[in-house]
Amino acid sequence: MSDARFYLTTPIPEPAPTLLRAAGTVVIADEPPDAAGLREICASGEYDVVISQLRDMFDADVLSAAKIRGISNYAVGFNNVDIDAATANGILVGNTPGVLTDATADVTMLLIMATARRAVEADTFLRTGKFTGWEPDLLLGHDVSGRTLGLAGFGRIARATAKRALAFGMQVLFCPRPPGDRPVSDEELGEFAGLVTHTDWNTLVTASDYLSLHVPLNAQTRHLVDAAVLAAMKPTAILINTARGPVVDEAALVAALRSGEIAGAGLDVYEDEPRLAPGLAALPNTVLLPHVGSATVSVRAEMARLCAENAVAMAQNRMPPHPVNPKAWEER
Ligand code: GLV
Ligand code: GLV
């Protein structure tokens with residue numbers, strides 16, 4: 001089929017452009033569209049599939065006016081799309097799971113290590129000429145080996161993080177669906193049976209030296225970590241977030257870091273990206289990365305391939321390899 005029409009809100013790497021051009025016509029935005037622009041593109045009737053980024057917000061208004069068959073999101077997450085509204089309007093959404101799991105778990109460990117051992121602060125110390133020689137008490141940090149890592153969530157990225165943390169000699173606790181719970185069988189635990197401990201959310205919060213978030217953003221997880229949770233954490237604990245910013249009440253986090261209610265935070269995501277909560281960037285006990293969990297050359301290429309495969313399938317009226325809401329088409 002050569003009449004498929006694709007719209008990319010932002011250029012994405014090869015092999016996506018080649019795969020998409022082989023299947024149809026490709027239009028790439030000069031500038032990422034704003035909300036009104038996105039609505040217009042979706043409603044124009046000129047495109048079968050929109051290839052989108054996390055910053056492109058598909059709300060019920062955009063989706064009810066849209067004349068597209070699918071949205072292929074260049075991300076594993078899809079909190080930028082109102083999935084219920086997409087389903088109700090017969091619009092399929094695709095994502096890119098699996099290929100960024102290890103890279104994101106690597107960044108989780110990076111943030112644990114860098115925050116615990118004050119790597120960014122230490123680097124600045126040296127570069128600004130303050131290093132005058134070895135000192136018994138220079139830049140002392142927190143232990144990682146032997147400490148307890150609490151994983152909020154137990155999906156792919158949490159499990160890949162557990163594997164790394166076990167190799168570092170950490171004790172690993174997990175709560176599969178915070179703030180609630182659900183049973184996890186030994187079969188589901190698989191290679192982790194006997195190695196990691198299932199706890200409830202309250203225990204995870206109070207017992208962890210490192211509390212790392214691996215939940216999707218939804219109504220249940222928005223502000224999962226609020227002022228009360230921060231107050232319940234150990235004063236020596238470090239919060240790690242490579243999931244989604246709004247899972248944490250960022251203003252409450254700044255207050256907790258300032259007052260010493262917790263010891264530090266390593267973040268790759270923010271509540272109102274790309275903006276940071278006032279005061280966050282001034283805190284020395286933080287390591288702040290600009291949402292780079294999946295940012296390696298090979299991972300971004302794999303994401304591009306999955307994204308294009310999803311888009312081509314949707315344009316050709318086939319179920320894509322990674323549908324988020326397959327019901328959108330079943331109910332047509
Ligand atoms: C990144 O945050 C993603 O969801 O892929
Ligand atoms: C995300 O892809 C996860 O399942 O952790």
Side-chain angles (χ1 to χ4, degrees), residues 8-16 32 38 49-59 70-83 86 92-112 151-161 164 177 212-225 239-248 250 265-276 287-311 314 320-325:
L8 284 80
T9 64
T10 300
I12 62 173
E14 288 291 351
L38 187 64
V49 178
V50 172
I51 290 137
S52 56
Q53 307 291 321
L54 290 166
R55 63 169 171 256
D56 301 318
M57 304 305 291
F58 296 87
D59 59 16
I71 296 167
S72 181
N73 217 34
Y74 185 63
V76 66
F78 42 80
N79 53 287
N80 56 314
V81 185
D82 181 336
I83 295 297
L92 203 64
V93 179
N95 71 338
T96 66
V99 295
L100 49 70
T101 303
D102 283 328
T104 307
D106 287 347
V107 164
T108 305
M109 289 311 292
L110 168 75
L111 285 172
I112 290 173
L151 299 167
F154 204 56
R156 288 170 293 245
I157 296 169
R159 295 165 76 101
T161 303
R164 286 157 175 73
R177 191 181 288 153
S212 187
L213 308 178
H214 301 280
V215 291
L217 174 62
N218 55 41
Q220 286 72 47
T221 61
R222 187 173 294 275
H223 283 195
L224 174 70
V225 176
L239 179 73
I240 303 294
N241 191 3
T242 53
R244 283 294 181 264
V247 175
V248 177
E250 206 170 287
L267 309 175
D268 188 39
V269 289
Y270 305 89
E271 190 165 359
D272 186 25
E273 282 175 33
R275 283 167 290 279
L276 305 192
V287 173
L288 307 176
L289 300 180
H291 203 148
V292 289
S294 67
T296 76
V297 173
S298 68
V299 168
R300 289 287 163 85
E302 275 304 288
M303 288 169 64
R305 185 177 59 77
L306 293 188
C307 188
E309 286 171 2
N310 282 336
M314 291 192 272
H322 300 286
V324 170
N325 59 341

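Scope of the values below: all heavy atoms of this structure, side chains included, with no hydrogens, waters or symmetry mates. Only a predicted model underlies this, so the values are computations on that prediction, with no experimental measurement involved. Both ligands and their constituent atoms are indexed starting at 1 by order of listing.
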- Is the backbone N or O of V99 less than 3.5 Å from a side-chain atom of E302, with the two atoms forming a donor-acceptor pair by type? no
- Considering only heavy atoms of L100, which atoms of ligand 1 have at least one such atom less than 4.0 Å away? 5 (O)
- Exactly one of N241, D268, T161 clears side chain to side chain contact (heavy atoms under 4.5 Å, CB included) with T108, and that residue is T161
- Nearest non-hydrogen protein atom, atom 5 (O) of ligand 1: V76 N, 2.8 Å
- Would you name the heavy atoms of M303 and T96 that are closest together and state the gap between them? O-CG2, 3.5 Å
- Task: Answer yes or no: is there an ion pair linking D102 with R164, defined by an N-O contact shorter than 4.0 Å?
- Result: yes
- Message: Regarding E309 and H322, do their side chains bring together a donor and an acceptor under 3.5 Å, going by distance alone?
- Response: no
- Nitrogen or oxygen atoms of G77 and ligand 1 under 3.5 Å apart: yes
- Task: Indicate, as side chain, backbone, both or neither, the part of T96 found under 4.0 angstrom from ligand 1 when only non-hydrogen atoms are considered.
- Result: neither
- Message: Out of all atoms in ligand 1, which are within 4.0 Å of some heavy atom of H291? Include the element for each.
- Response: 1 (C), 2 (O)
- Atoms in ligand 1 with a heavy atom of R244 nearer than 4.0 Å: 1 (C), 2 (O), 3 (C), 4 (O)
- T10 and R55 side chains, donor-acceptor separation under 3.5 Å: yes
- Message: Which of the numbered atoms in ligand 1 are under 4.0 angstrom from any heavy atom belonging to A75?
- Response: 3 (C), 4 (O), 5 (O)
